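Structure first, then comments.
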Amino acid sequence: MEVAMTKMMKTTTKKTKLVLLIAVPVMAVVILQQFWLPSLNFNRLWRTVSQHVGSTNDSHRNDDEFINGLLPPGFDQKSCLSRYQLNLYRKPSPYIPSSPLLSKLRRYEALHRRCGPNSPSFRRALAGLTSPTNSTSLPEDCKYAVVLTRDGLGNRILAIISAFFYALMSDRVFLIDRGNALDDLFCEPFLGSSWILPSDFPLRREFGSFRQSFPGSFGNILRNGMLKKTIEDSPASYLYLHLSHDASDYDKLFYCDRQQNLLKKVPWLIMETNNYLVPGIFLGSFFREELNKLFPAKDTVFHHLGRYLFHPTNGVWGLISRSYKPYLARAKEMLGIQIRNFGSESGSFQDQMNQLLTCTQKKKLLPDVEQSTPEKSNSTTSQTVKVVLVTSLSSEYSETLKEMYWEHGGIDGEVVEVYQPSHEGVQSSNKKMHNRKALAEMYLLSLSDVLVTSDWSTFGYVAQGLAGVKPWMLYKAEDKVFPPLNQWLKYRTRNETGDWPCRRAVSMEPCLHVPPVCDCDEMQRRDGGNELPFVTHCEDASWGLKLVNEFN
């Protein structure tokens, strides 16, 4: 008995020492980062430590595994590896979701299970949709927002986030019409129910006729003075909301408080968009009180909801992990560069390359090229590795960077390695493999410590939001021409340093390119960028709107 007790005490002592050996260095890193050495980059160190700690004591990384409570437990890990493994590749987010947001998400999940596809409530809702006489018997807590997405994958992801955000705020069940473009990209985000609109949905045959000119759209009903008959006197079983780039001023009255009060009476809302609608919804006061509680930091909406909602399928996760482990994991720092080519409007390749190099070297994102002889360059002992991840339809940019740093290297012995996962040549948004690669590269970019993105690019918007990083944004060419180097300084803006060829974004939030431009009562012009302290104009689209942290 005494021998057994002695062995057990020795084992316990060893475990205690092991825990201390792991915990003390981790605590030291956190303290150093927080108080004494803020200038150092601990991102890669933290990832390495968290992976080793996780392999020794799984309970230590539970908070990171569930993203500070954003993700609920209970999912089958093997069916969606990215849900729990992706966070081992990420640095810890400094943005903590609020307790009201976590409670709101848990309530939403319960609503989705109760009212989602294949539930008795859903079947009753479908009956009310096909037979308006049955609509009065629908349970009041089961209303729906169905999103129809369009254009490239970046646009579609912004549309999905927007519709989910609106469904969350309006207590509706959120469903997506997946189509071919979104097939096999994302895992199911809700436990015990699906977010996919069933293939036999009764209105599916009409989706092809839904557009801005559709007579029964919400905007055209308002334009024609039919609001009272359609909604107030006898609520319709469904309404189509056209909120894409070609939305009319009447379509954009969707953002107004009075219209929101009417829309809550309609059981089914079919939303089509290719935009990020969140800044427009923040402009109204209908949801503002609750929004202030859910998102005290207004510039974290996409960051939190994107990490909550989107989890790449195992097929896409394979593309991500096979790129990250051999090419990106060993970097001290990772710079992500995303280049969107707008065809003939983008200027020449050499102009774009000059712009990129001037931006990255002027802002100290990449080192200047070492001009010494190879023998002298190789003699340094202070070599560090910086990995540059390039995403573009063209391989020219990465090949130029790779050749430049291969021949000369960076000053002070810094080694620059350049990696580009793919270069498709042309955008093919209706091809499954193309979209898988695009999604994988968005997520690889989101693992970057620093980002450089292209103006107007929804691809870049998604990456920066998932990363929680304010990117450096490359100016878009005007009139197909970049100004000469000696004229760049005259292209100044009010944003931060504001100098050409790139400027720092004021927040990590995407831009709403088609904001509401009329007030809600007189249809007079308004400037939504000057109404609230947390809604401002976008850096890359002066007419657009984006959320910022009002406490910055």
Side-chain angles (χ1 to χ4, degrees), residues 150-158 181 245 274-276 323 335-363 365-366 388-404 418-431 433-446 448 450-465 467 471-485 488 491 500-503 505 510-511 513 538-542 544:
R150 57 186 294 182
D151 298 330
L153 184 58
N155 296 88
R156 292 176 188 271
I157 289 175
L158 296 185
H245 66 279
N274 55 2
N275 257 281
Y276 184 63
S323 286
L335 169 64
I337 297 176
Q338 178 264 331
I339 301 176
R340 169 71 192 274
N341 193 307
F342 291 92
S344 60
E345 297 180 7
S346 296
S348 70
F349 163 73
Q350 193 57 55
D351 283 338
Q352 290 179 294
M353 199 66 219
N354 289 339
Q355 182 191 20
L356 175 63
L357 288 174
T358 304
C359 170
T360 52
Q361 293 179 342
K362 187 176 183 180
K363 305 302 181 184
L365 309 180
L366 283 177
V388 180
L389 170 70
V390 179
T391 64
S392 173
L393 292 173
S394 169
S395 63
E396 289 183 292
Y397 309 99
S398 64
E399 289 172 356
T400 301
L401 286 171
K402 190 180 298 184
E403 182 177 350
M404 183 174 72
V418 182
Y419 173 65
Q420 181 169 354
S422 72
H423 44 89
E424 296 287 281
V426 295
Q427 185 170 335
S428 305
S429 299
N430 291 320
K431 293 183 178 179
M433 195 59 205
H434 180 90
N435 286 328
R436 286 185 184 182
K437 291 179 181 179
L439 183 61
E441 292 180 18
M442 287 179 190
Y443 271 86
L444 287 169
L445 279 175
S446 78
S448 302
V450 184
L451 277 173
V452 176
T453 62
S454 299
D455 276 1
W456 294 16
S457 174
T458 57
F459 193 107
Y461 291 165
V462 172
Q464 72 195 40
W472 292 94
M473 304 181 74
L474 296 166
Y475 281 89
K476 186 175 180 290
E478 297 181 12
D479 299 323
K480 306 181 183 180
V481 177
F482 289 101
L485 288 173
W488 279 359
Y491 287 84
W500 188 272
C502 61
R503 72 294 205 200
C511 176
H513 286 179
C538 307
E539 304 87 354
D540 55 338
S542 60

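These numbers come from a predicted model, not from an experiment. Computation of the quantities below employed the complete heavy-atom set of this structure, encompassing side-chain atoms and omitting hydrogens, waters and symmetry-equivalent molecules.
Across all non-hydrogen atoms, the minimal contact from Thr400 to Glu396 is OG1-O, 2.8 Å. Closest non-hydrogen pair, Ser448 versus Leu335, comes out as OG-C, 4.2 Å.
Side-chain atoms of Ser392 and Gln338, non-hydrogen and from C-beta on, never get closer than 4.5 Å to each other. Counting only heavy atoms from C-beta outward, the side chains of Gln420 and Thr391 never approach each other to under 4.5 Å. Counting only heavy atoms from C-beta outward, the side chains of Val388 and Tyr419 never approach each other to under 4.5 Å.
Residues forming a ring pair (Phe, Tyr, Trp, His ring centres under 6.0 Å) with Tyr461 (at least two apart in sequence, or on another chain): His513. For Glu399, the side chain to side chain donor-acceptor pair (under 3.5 Å) partners two or more places apart in sequence, or in a different chain, are Ser395.
Using modelled atom types, one side-chain atom of Gln355 and one backbone atom of Pro501 make a donor-acceptor pair closer than 3.5 Å. A donor-acceptor contact shorter than 3.5 Å is absent between the side chain of Arg340 and the backbone of Trp456. Side-chain N or O atoms of Asn341 include none that pairs as donor or acceptor with a backbone N or O of Ser394 at under 3.5 Å.
A salt bridge links Asp455 to Arg503: one of the charged nitrogens lies within less than 4.0 Å of a carboxylate oxygen.
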> Can Leu439 and Ile157 be said to form a side chain to side chain contact (heavy atoms under 4.5 Å, CB included), step by step?
Replying inline: CA-CA 10 Å; Leu439 183 61; Ile157 289 175; 4.1 Å; yes
> Run the side-chain hydrogen bond (donor to acceptor under 3.5 Å, both in side chains) check on Tyr397 and Gln352 step by step: do they pass?
Replying inline: CA-CA 9 Å; Tyr397 309 99; Gln352 290 179 294; 2.8 Å; yes
>> Run the side chain to side chain contact (heavy atoms under 4.5 Å, CB included) test on Leu474 and Val452 for me, step by step, so that the C-alpha distance in whole Å, both residues' side-chain angles and the decisive distance to 0.1 Å come before the verdict.
In response: CA-CA 7 Å; Leu474 296 166; Val452 176; 3.7 Å; yes
>> As a quick check of understanding, evaluate side chain to side chain contact (heavy atoms under 4.5 Å, CB included) for Leu401 and Met353, giving each step before the final call.
In response: CA-CA 9 Å; Leu401 286 171; Met353 199 66 219; 3.8 Å; yes
